[in-house]
There are 2 protein chains.
Amino acid sequence: MKLPSEKAASRRKKRATFDPLSPYELELADFFVRMAGIIGVSPSVAEIYALLYASPKALSFDEIQGRLGISKGSVSQGLKFLRGHEMILSTKDKGSRREKWQPTPSLAASIVTLLRNQVVPALEFSAPSLERVLNQAETVHASPEVLERLRKLKHWNSRALELFPLLFPSAPKA
Amino acid sequence: MKLPSEKAASRRKKRATFDPLSPYELELADFFVRMAGIIGVSPSVAEIYALLYASPKALSFDEIQGRLGISKGSVSQGLKFLRGHEMILSTKDKGSRREKWQPTPSLAASIVTLLRNQVVPALEFSAPSLERVLNQAETVHASPEVLERLRKLKHWNSRALELFPLLFPSAPKA
DNA sequence: GTCATGGTTCAAAAAATATTGAAACTTAGA
DNA sequence: TCTAAGTTTCAATATTTTTTGAACCATGAC
C-alpha cells in the first residue's frame with residue numbers, strides 16, 4: 001500500500017542542468033523521500049529539503065532548480081510548502097532581490113509542525129462528524145456493542161485533539 | 001499535498017448491488033477514509049474496516065462486497081491488508097467454509113500495529129543508509145555544520161528505532 | 001513609468017496508485 | 001476423483017497525485 005520500494009536511482013533520470021548531486025547528497029535525498037512518503041509529502045518537496053539540509057550555505061531558487069534538475073513550478077510549490085510548515089527560512093544578501101533558503105534549526109520541530117498540520121485539521125473536521133454518527137446510530141437503535149464502539153471512537157478523537165497541542169506545543173525548542 | 005477534500009459523496013457513485021450503507025455508516029466510512037489517507041491506506045481498505053466496525057455481527061466476503069459495492073479483487077486485497085496488520089479477525093460458522101470478519105477488539109492497538117509496520121521498516125532500512133551518508137560526507141570533508149546535522153539525523157533515526165518498540169510493545173492491551 | 005529579474009500560477013502531461021473483473025487456484029464434501 | 005463454493009491473482013483500466021513549463025505577476029533599480 002505504501003513502501004516506495006527502491007526506485008531510488010530511477011527517480012534520477014533527471015536532467016540536472018549542472019552540478020548534479022554528489023553520491024551522499026543523493027542517498028540523503030532518497031532517505032528524505034522515503035520518510036516523506038510515509039506522511040504523504042511529495043518527492044520533489046523531500047528532495048528540496050534534503051538538498052538544503054546537506055548544504056553548508058543557503059541556496060537560491062535557481063541553485064535548487066539547477067542542482068535537482070526539476071522544474072520552476074516544482075521548486076516554487078515545494079518552497080511554498082516548506083515555508084508554510086515552517087521548515088525553511090529565507091535570508092537575502094542585501095542589494096539582492098534573490099531569496100536564499102536554508103532549513104530551520106530544528107528538524108524535530110519541523111516534523112512536529114508538519115504532523116500537526118496534517119493531523120489536527122482532520123481531527124477537528126471529524127469531531128462534529130462523529131457526533132452525528134453517534135446520534136444517528138442511537139436514534140436508529142444500533143446494537144449496544146456498536147454504540148459502545150462509536151462512543152469510544154468519539155472519545156478518542158476528542159482526546160487526541162486536546163492532547164496533541166500539549167504533547168507538541170506550537171513552538172517546540174528541541 | 002494531502003487533505004482529501006470533500007469528495008465524500010462522490011466516492012459514492014458505486015453500484016451497491018443491494019442494501020447500500022445507511023447514512024451513519026456512510027459518514028463513518030468517510031471518517032475512516034479521511035484518517036486512513038493520512039497514513040497512506042487506500043479508501044477501499046478504510047471502507048471495509050468502517051463497515052465491519054459499524055456492524056454488530058461478523059460479515060462475510062459477499063456481504064462486504066455487496067454492501068460497499070466494490071469488486072471482489074478489492075475486497076480480497078483489503079481483507080488481506082487488514083489481516084496482515086492484525087486489524088480484523090475471522091470466525092467460521094461451523095459447517096461453513098465461508099469466513100466471517102470482524103474488527104479486532106482494540107482499534108488503538110490496530111493503529112499502533114499499522115504505524116509500526118509502516119515506520120519501523122523504513123527506519124531499519126535507513127540506518128545503514130545514513131551510516132554511508134555520514135561516512136561519505138566525512139571523507140569528502142563536508143562542512144562542520146553539515147556533518148553535525150547528519151550526525152544528529154543518524155542519532156535520531158536509531159533513537160526512534162529503539163524507542164518505538166518500547167512505546168508501543170508488540171501486543172498493546174489498551 | 002519602464003524594464004528586467006525573480007517568482008508564481010495553473011492547465012496540461014506524466015507518473016504513481018487504486019480498483020476492477022475474468023481467469024486461476026484451493027479445498028471441503030459428495 | 002470430481003465439483004462447485006469461496007477466494008486469490010494480476011493484467012488492464014480508472015483515478016489520483018505529482019510534475020512540468022509557458023504565460024503571467026510583482027517589485028526594485030533605473
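So you know, we letter chains A, B, ... as the sequences are listed, proteins then strands, and number each from 1. Side chains included, hydrogens not; waters and symmetry mates left out as well; all remaining heavy atoms used.
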Whole-Å distance separating the CG atom of L59(B) from the P atom of dG6(D): 15 Å

S76(B) side chain near dT8(D) phosphate (N/O to OP1/OP2, under 4.0 Å): yes

Rounded distance (Å) that lies between atom C1' of dG7(C) and atom CD1 of I48(A): 13 Å

pair F81(B)-L114(B): side-chain heavy atoms closer than 4.5 Å: yes

Contact under 4.0 Å: S60(A) side-chain N or O vs dG6(C) OP1/OP2: no

Gap between atoms CG and C1', on L79(A) and dT8(C) respectively (whole Å): 11 Å

R98(A) side chain near dG6(C) phosphate (N/O to OP1/OP2, under 4.0 Å): yes

Carboxylate-amine/guanidinium contact K57(A) E145(B), below 4.0 Å: no

Euclidean distance, S76(B) OG relative to I70(B) CD1, rounded to 0.5 Å: 10.5 Å

Given DNA chain C, 5'-ward residue of the pair R97(A) and V75(A), judged by closest heavy atom: R97(A)

Sugar-phosphate, base or nothing in reach of S74(B), heavy atoms under 4.0 Å: base

Whole angstrom value for the distance that separates P of dA4(D) from CG of D62(B): 18 Å

Short side-chain N/O contact from K80(A) to OP1 or OP2 of dT9(C), under 4.0 Å: yes

Any side-chain donor near an acceptor of the partner, S129(B) and E27(A), under 3.5 Å: yes

Closest approach of W101(B) to R83(B) (non-hydrogen atoms, all atoms of both residues): CH2-NE, 3.3 Å

Interatomic distance where CZ belongs to F61(B) and P belongs to dT8(D) [whole Å]: 6 Å

S71(A) vs dT19(D): side-chain N/O to OP1/OP2 distance below 4.0 Å: no

Gap between atoms CD1 and P, on I70(B) and dA14(D) respectively (whole Å): 18 Å

Integer-rounded Å distance: dA23(C) C1' and K72(B) NZ: 11 Å

Length of the line joining K94(A):NZ and dA29(D):P, which is rounded to integer Å: 13 Å

